[in-house]
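Here the structure is laid out as structure tokens; the discussion comes afterwards.
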Amino acid sequence: MKWYGLIDCDNFYVSCERVFDPSLENVPVVVFSNNDGCIIARSNEVKALGIPMGAPLFKYKDIIDRKGIKLFSANFSLYGDMSKRVMETISMFVKDMEVYSIDEAFVNFREMSTEMYNMALKIRVALKKWLGIPVSIGIGRSKTLAKIATHIAKTRTGSHVFLLLEDNEPLVLKDYPVGEVWGVGKQTKKLLSRFGIRNTLDLREANIRFIRSLLGINGVKLVREVNGEAVIGFEHRKFPKSITRSRSFKQPIEDINLLEAAIKRYVEMATEELRRYNLCAGRLAVYISTGEYAERKYSRSAERKFEVANAYTEEFMKISSLLLKRIFKGGYRYKKAGIILSDLSPCTNKVFSDLYENRINRILTEAVDKINSKWGKGTVSSVFSSIYKGRIEDEERRRASFHYTTSWKELVVVKA
DNA sequence: TCTGGGGTCCTAGGACCC
DNA sequence: TCTGGGGTCCTAGGACCC
């Protein structure tokens with residue numbers, strides 16, 4: 001019998017901050033997104049105050065001040081590096097794992113239940129001791145059941161490990177709202193509740209043909225998963241299927257030239273990432289939006305397929321302007337813009353055709369990459385990058401912690 | 001006044017083809 | 001007067017996830 005385990009870091013971003021500043025232990029801490037935007041991680045103390053995930057900061061300013069909540073700007077290079085260490089540590093204990101997100105990994109267990117439980121405890125202790133990161137671990141007959149088990153594990157303040165055995169499933173699922181199930185969002189929850197399906201046991205016992213007609217093929221998978229049938233397997237992707245770069249602007253933008261600079265800046269960032277993977281992209285999409293809360297809403301996207309996939313910044317910049325001109329409408333206050341590279345594939349020699357233009361692009365791109373890898377990120381960048389930094393990006397990141405693990409300058413120093 | 005960023009998968013309608 | 005059916009590709013957008 002194969003079991004699915006999910007190892008989920010507790011309040012991951014907050015935990016990362018706490019590793020390097022122990023004074024944050026047992027005090028309320030939040031990590032927030034760009035532009036003092038919204039809360040993307042909360043410590044247990046903050047959760048207990050009833051501040052929800054994704055809450056805009058301005059709405060909770062009062063309580064944050066009153067309770068002395070510690071604020072941090074997101075420090076993704078730190079979190080990414082800590083994540084890598086967590087995943088490496090887990091892989092020392094298990095043969096088969098899937099890195100599911102920055103703070104979660106699925107693992108397979110084949111042992112008997114008591115052995116599994118002990119193994120989970122061992123992993124948990126190792127992560128806490130070696131890295132200082134607390135985790136919760138849930139185990140069940142499918143990925144979806146493991147997700148539910150993990151959710152329950154978080155509330156088990158003692159062990160933080162929960163084994164969802166077949167005998168216990170009916171009891172547990174009856175108390176588990178269907179809206180909390182992995183893959184059931186707002187819309188699906190609303191739809192299901194209209195037909196009296198409110199808890200996960202209801203879902204499990206629903207007529208499969210009815211579900212098929214209501215939710216499509218994914219609904220069928222969902223029901224089978226909560227029935228303990230493992231239909232969602234492990235994925236081991238070597239590279240992403242798309243690369244996005246986008247930002248919300250603090251000040252809305254009305255000027256197409258400024259939007260163009262932003263778009264080209266994102267193209268520059270995304271193509272850098274593309275080349276890091278040695279990938280070429282066959283498709284570029286550009287989108288702009290006034291944001292959901294605007295009085296006059298407008299949002300459009302446009303895309304272009306390339307005859308030959310490539311990885312040249314210049315090439316994508318050129319097309320991005322054309323696409324932007326196609327979707328831009330004057331008189332709107334744009335709050336967000338972004339680009340997406342897709343149809344990604346490993347670069348082949350075909351790309352480096354002898355077209356004059358491509359040869360120039362290639363030489364330029366390679367030179368830029370070489371300089372930046374030797375002298376540091378951003379040593380040379382496009383003119384749009386400086387326009388962007390000067391006129392659009394005004395983020396100070398005052399509250400960001402140091403790059404403790406990824407910058408020599410910001411290493412922790414231990415004084416004797 | 002002020003609401004993130006990066007992903008995956010699915011669907012629906014139109015164009016086009018045989 | 002009567003005007004098919006099915007497949008594929010493209011584009012745009014929606015739902016969901018962390």
Side-chain angles (χ1 to χ4, degrees), chain A residues 6 8-9 11-13 30-42 51-62 64 72-76 79-80 83 98-106 143-144 147 150-151 179-192 214-222 232 235 237 239-252 266 269-270 273 282-295 297-306 323 326-327 333 335-344 393-395 397:
Chain A
L6 176 66
D8 188 344
C9 301
N11 318 327
F12 184 55
Y13 300 164
V30 302
V31 175
F32 55 82
S33 62
N34 274 337
N35 303 334
D36 293 11
C38 51
I39 293 167
I40 57 174
R42 304 159 295 158
I51 299 179
M53 180 68 171
L57 208 60
F58 71 88
K59 270 195 190 166
Y60 292 87
K61 201 90 189 83
D62 268 6
I64 285 168
F72 285 89
S73 309
N75 183 348
F76 287 111
Y79 310 151
S83 170
E98 174 195 346
V99 177
Y100 175 67
S101 75
I102 192 163
D103 68 337
E104 287 168 89
F106 283 106
K143 274 182 159 181
T144 306
K147 270 269 181 191
T150 305
H151 199 167
E180 305 278 304
V181 176
W182 189 41
V184 178
K186 254 182 161 167
Q187 303 303 316
T188 308
K189 178 189 165 186
K190 219 163 79 186
L191 205 58
L192 287 172
L214 197 67
L215 305 177
I217 187 71
N218 284 332
V220 175
K221 276 192 191 168
L222 194 67
I232 306 175
E235 280 201 49
R237 248 197 278 276
F239 53 82
K241 293 190 156 181
S242 66
I243 295 173
T244 300
R245 284 297 174 273
S246 70
R247 291 290 177 277
S248 295
F249 312 126
K250 184 139 198 174
Q251 296 297 328
Y266 304 147
M269 296 195 285
E273 175 83 351
R283 191 181 291 265
L284 166 70
V286 169
Y287 66 90
I288 51 177
S289 160
T290 54
E292 263 187 76
Y293 308 95
E295 234 170 71
K297 276 194 278 190
Y298 174 78
S299 96
R300 281 286 178 285
S301 73
E303 60 178 2
R304 167 76 73 86
K305 203 174 152 56
F306 287 70
L323 292 172
R326 218 161 82 195
I327 56 179
R333 294 159 54 82
K335 270 294 273 184
K336 189 176 179 181
I339 69 110
I340 303 167
L341 301 176
S342 54
D343 283 4
L344 309 186
E393 183 182 66
D394 64 346
E395 161 196 25
R397 292 178 47 80

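The analysis underlying the following values was restricted to heavy atoms, covering all of them including side chains, and did not include hydrogens, waters or symmetry mates.
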Hey, mind stepping through A:M269 and A:Y266 against side-chain contact (heavy atoms from CB on, under 4.5 Å) and telling me if it holds? CA-CA 5 Å; A:M269 296 195 285; A:Y266 304 147; 3.4 Å; yes
With B for base contact, S for sugar-phosphate-only contact and - for none (protein heavy atoms under 4.0 Å), nucleotides 11-18 of chain C reads BSS-SSSS
List the residues meeting side-chain contact (heavy atoms from CB on, under 4.5 Å) with A:S248, not counting sequence neighbours, and say none if there are none. A:N35, A:K336
Sorted by chain and number, sequence neighbours left out, side-chain hydrogen bond (donor to acceptor under 3.5 Å, both in side chains) with A:Y79 holds for A:E17
Kindly indicate, with the supporting measurements, whether the criterion side-chain contact (heavy atoms from CB on, under 4.5 Å) is fulfilled by A:L6 and A:W182. CA-CA 12 Å; A:L6 176 66; A:W182 189 41; over 6 Å; no
So what does the secondary structure string of DNA chain B come out as, 5' to 3', with Watson-Crick or wobble pairs under 3.5 angstrom, [ ] for crossing and | for pairs with another strand? ....||||||||||||||
Under the rule for side-chain hydrogen bond (donor to acceptor under 3.5 Å, both in side chains), what residues qualify as partners of A:E303, not counting sequence neighbours? A:R283
Heavy-atom contacts, protein to nucleotides 1-8 of chain B, under 4.0 Å, summarised as B (base), S (sugar-phosphate only) or - (none) per nt, yield -BBBSSSS
Intermediate values then yes/no, side-chain contact (heavy atoms from CB on, under 4.5 Å), A:D8 and A:Y100: CA-CA 10 Å; A:D8 188 344; A:Y100 175 67; over 6 Å; no
Go through the steps for A:L341 and A:L284 under the test side-chain contact (heavy atoms from CB on, under 4.5 Å), then give the verdict. CA-CA 5 Å; A:L341 301 176; A:L284 166 70; 3.7 Å; yes
At what distance, to the nearest 0.5 angstrom, does CD1 of A:I288 lie from OH of A:Y298? 5.5 Å
Between B:dG4 and C:dC17, how far is it from one C1' atom to the other, in whole Å? 14 Å
Can you see which heavy atom on A:E292 is nearest to which on A:K297, and at what distance? O-CD, 3.5 Å
Close side-chain approach of A:V30 to A:I51, heavy-atom, < 4.5 Å: no
